[in-house]
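Presented below is the structure to which this report refers.
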Protein chains: 2
Amino acid sequence: MNVAADTPDQPTLYKRIRADIEKRILTGEWPPGHRIPFEHELVARYGCSRMTVNKALSELAQADLIERRRRAGSFVRRPQHQSAVLKIADIRAEITALGRGYGYELIGRKLRAATAADRARLGVKKAGKVVAITCRHSADSVPFAVEDRLIDLASVPDAATADFSGEPPGSWLLHHVPWTEAEHTISAIVADDRTAEALDIAVGAPCLVIDRYTWRSARTITAVRLLYPGDSHRLIARFKGG
Amino acid sequence: MNVAADTPDQPTLYKRIRADIEKRILTGEWPPGHRIPFEHELVARYGCSRMTVNKALSELAQADLIERRRRAGSFVRRPQHQSAVLKIADIRAEITALGRGYGYELIGRKLRAATAADRARLGVKKAGKVVAITCRHSADSVPFAVEDRLIDLASVPDAATADFSGEPPGSWLLHHVPWTEAEHTISAIVADDRTAEALDIAVGAPCLVIDRYTWRSARTITAVRLLYPGDSHRLIARFKGG
DNA sequence: AACGATTATATGTCTAGACATATAAGTCAA
DNA sequence: TTGACTTATATGTCTAGACATATAATCGTT
């Protein structure tokens, strides 16, 4: 009954069905708009029950490779082309992955009542206290990135007493505030005097900027700006689409 | 039997189970490492069959919110923190989304045998022909981005005769080569003479650079470099993690 | 030709079982 | 204490059905 009973079915059947279809889509054998065989046809082809086929197709639909339409069938989707997965690694992990020695240095730390600028940056309206932190990450003692961060104490009271001289605030927050959401904005600037000195680069040299705004259940946690020397740092994003 | 029989079960049951668990994770009620109720416990709680619970948990595992371990149970995962979804829209879509008028201008187009530099950029070893294109995208007649592209004719023969004077090569490729994979590298540079003139910005002004390398079934299609004025362009990436 | 009602059908969800399998935990011997 | 063996159990996959539902296609009427 099973057409492929002779092949070594190491992966489970539904995974094989999913891989078979994905391959045909990715190689272009089934171009966008092509109708995939109906579930009952795949049931006949693979000699399995409908639930098994359904699981394979559901996962393909979840991955946006196909679109499923009631009564009509399942169709290969037009490539999406707009979303890529961007790896924004922890800076320490990034540096150690390069086989270089990680260094961290706290430059400044202030606890203050939120100024108007602080509130705008955090996107909060109510007055409150914040911690402002400036620090530097280095690779083999060469400046790698400078970090300028604001933490909302209303959301993370523990940050008031935390000691950031030994542990970077990003890492501290990761262990104290689980499951946040964030938005990154990537842009480019040229180094001003302060930035140039902190990164040990020339004034006017290009810098890659990552602004990260983090919240948790609609509550602001932290806003951070990371500045990287533009000629030495790269962000990699991969995607599947068109 | 169904505990929530009184609630309006608009979404299907497995979606409600998934949403219930996701909410507890995202609010921190179930922190990383916490063991989620066993499938048989959820079966009892929701009064449904195991397959329904299993579908909910499988999707949560696929989204990396939980980790499933045989014999041990399902556990809330530590936030990932490294992957964000980056929206890299089609430039025309991006400009029209801003409510501005899109303009396109072909600056140069050459068909030539691949030089050593071309082969390095495309990541191919064999000699062959390529099309090199330089063009500019503008918003309300203001330069928005300059594009410098190489297309491998061995993979896309039609590009040899395509007319790129009216249609941007990115858009043309999208309609002629379905389902590709790509890698983006984002960096920052300062504008040199040529770039400054093309973007109508000052020499030494910061530029955001996106290098996109596209392939299809292990076959190179195109390599493109997009240069944006660094102070006016922003890339946004969203993610769920820590 | 245009519109409204009916029907057929592919997907969406669910059930109540089944056996496979990895592995945590317990057992026992060296 | 350690290592080898056994056992219990939670997940992984699958079946052979079922009914619900959205909608493409058909039919009938104006």
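This structure is a prediction, so every number in the text was calculated from the model and none was measured. Residue numbers start from 1 in every chain, and the chains themselves are labelled A, B, ... in the order their sequence lines are given, proteins ahead of strands. Hydrogens, waters and symmetry mates are skipped; everything else that's a heavy atom, side chains included, is used.
Residues B/P37 and A/S49 both approach DNA chain D. Their nearest nucleotides, taken by heavy-atom distance, put B/P37 toward the 5′ side.
For DNA chain C, the span of nucleotides reached by chain A at under 4.0 Å from its heavy atoms goes, 5' to 3', from C/dA8 to C/dC14.
Ion pairing of A/E67 with A/R77 is absent here, as no side-chain N (NZ or NE/NH1/NH2) approaches a carboxylate O to less than 4.0 Å. Taking a cutoff of 4.0 Å between a charged side-chain nitrogen and a carboxylate oxygen, B/R212 and B/E147 do not qualify as a salt bridge.
By the side-chain contact (heavy atoms from CB on, under 4.5 Å) test, B/T185 pairs with A/R234, A/I236, B/D211, sequence neighbours left out. Every side-chain hydrogen bond (donor to acceptor under 3.5 Å, both in side chains) that A/R238 has, sequence neighbours left out, goes to B/E183. For A/E41, the side-chain contact (heavy atoms from CB on, under 4.5 Å) test picks out A/R35, A/P37, A/F38, with sequence neighbours left out. With sequence neighbours left out, B/D90 forms a side-chain contact (heavy atoms from CB on, under 4.5 Å) with A/H81, B/R92, B/A93. Scored by the side-chain contact (heavy atoms from CB on, under 4.5 Å) test, B/A19 finds no partners at all (sequence neighbours excluded). Listed by chain and residue number, nothing satisfies the ring pair (Phe, Tyr, Trp, His ring centres under 6.0 Å) test with B/H175 (two or more places apart in sequence, or in another chain).
Checking side-chain atoms of A/T180 against main-chain N and O of A/T214 turns up no donor-acceptor pair under 3.5 Å.
Residue pairs that meet the salt bridge (charged side-chain N to carboxylate O under 4.0 Å, His left out) test with at least one member in residues 155-171 of chain A, sequence neighbours left out, do not exist here. Annotation: ring pair (Phe, Tyr, Trp, His ring centres under 6.0 Å) contacts involving residues 49-77 of chain B, sequence neighbours excluded, are absent.
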Could you list, one pair per line, each protein nitrogen or oxygen that sits under 3.5 Å from a nitrogen or oxygen of nucleotides 26-28 of chain D, together with the distance?
none

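Within residues 50-58 of chain B, the residues approaching DNA chain D are B/R50, B/M51, B/N54, by heavy-atom distance under 4.0 Å. If you check residues 64-73 of chain A against DNA chain C, the residues with a heavy atom closer than 4.0 Å are A/R68, A/R69, A/R70, A/R71, A/G73, listed by number.
Below 30°, between 30° and 60°, or above 60°: for B/W215 and B/Y213 the angle between ring planes is between 30° and 60°, a tilted geometry.
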